[in-house]
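Worksheet for the structure shown next.
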Amino acid sequence: MLLFSRILRLIAGIMVALVLYFTFRDIRLLDCGNLQAWMLQWGAFAPFIFCLVYCLASLGFFPGILLTLAAGMIFGVLWGTLLVLVSST
């Protein structure tokens, strides 16, 4: 039973990695303009998606400072600050 559980977790991890790879392979997110254009393509849902990503990243122990800086680059100082305050609490 323990071996089956480990194999199942390994398969699930591989599937998540493949989905993430095929989703983000064509996106050049390291450029500020590309990051902003990619996030704002979601329109009115962009702040909600950012909040969801911020919450999930904090649960996964991802450094919040990177997402905080990204919020400022994407949404501007005022809206980025408000989104980070809402997402982090």
Side-chain angles (χ1 to χ4, degrees):
M1 186 68 174
L2 183 62
L3 180 63
F4 178 72
S5 174
R6 287 184 181 180
I7 291 173
L8 191 62
R9 282 189 287 182
L10 177 66
I11 291 172
I14 290 171
M15 289 176 62
V16 167
L18 286 173
V19 166
L20 289 174
Y21 170 74
F22 285 114
T23 301
F24 296 113
R25 69 180 172 179
D26 294 330
I27 300 172
R28 305 287 185 242
L29 293 178
L30 295 178
D31 183 22
C32 181
N34 289 341
L35 178 63
Q36 186 176 25
W38 179 76
M39 193 63 184
L40 293 180
Q41 79 180 357
W42 295 100
F45 292 111
F48 299 111
I49 292 172
F50 181 82
C51 288
L52 178 67
V53 168
Y54 196 97
C55 291
L56 292 175
S58 64
L59 289 174
F61 300 109
F62 188 78
I65 188 67
L66 297 176
L67 290 173
T68 303
L69 293 173
M73 288 189 313
I74 295 170
F75 299 106
V77 176
L78 177 65
W79 289 110
T81 302
L82 291 175
L83 285 172
V84 167
L85 285 173
V86 168
S87 301
S88 64
T89 55

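Atoms considered below: every heavy atom in the structure, side chains included; atoms not considered: hydrogens, waters and symmetry mates. What you see is a predicted model, and the numbers here were worked out from it, not measured in a lab.
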### Message
Restricting to non-hydrogen atoms, name the atom on Ile74 and the atom on Gln36 that form the minimum distance, rounded to 0.1 Å.
### Response
O-NE2, 3.1 Å
### Task
Flag yes if Ile65 and Val84 sit in one hydrophobic cluster, no otherwise; membership is Ile, Leu, Val, Met, Phe, Trp, Tyr, and two members link when side-chain heavy atoms are under 4.5 Å apart.
yes
### Query
Just how far is it from atom CG of Leu82 to atom CG of Leu78, taken to the nearest 0.5 Å?
5.0 Å
### Query
CG of Leu83 to CZ of Phe50: how many Å apart, nearest 0.5 Å?
6.5 Å
### Query
Does one hydrophobic cluster hold both Leu69 and Leu56, with members joined at side-chain heavy-atom distances below 4.5 Å?
no
### Query
Between Tyr54 and Ser88, which heavy-atom pair has the shortest distance, and what is it?
CE2-CB, 3.8 Å
### Task
Please round to the nearest 0.5 Å and tell me the distance separating atom OG1 of Thr68 and atom CE of Met73.
11.0 Å
### Summary
What one should report as the nearest heavy-atom pair of Phe75 and Gly80 is CB-N, 3.9 Å
### Task
Please answer: with hydrophobic residues joined when any side-chain heavy atoms are less than 4.5 Å apart, are Met39 and Leu66 in the same cluster?
yes
### Query
Do Leu85 and Phe62 share a hydrophobic cluster (ILVMFWY, side-chain heavy atoms under 4.5 Å, transitive)?
no
### Query
Are Trp79 and Phe48 connected in a single hydrophobic cluster, I mean Ile/Leu/Val/Met/Phe/Trp/Tyr linked by side-chain heavy atoms less than 4.5 Å apart?
yes
### Taking every non-hydrogen atom, the tightest pair across Cys51 and Ser87
SG-OG, 3.0 Å
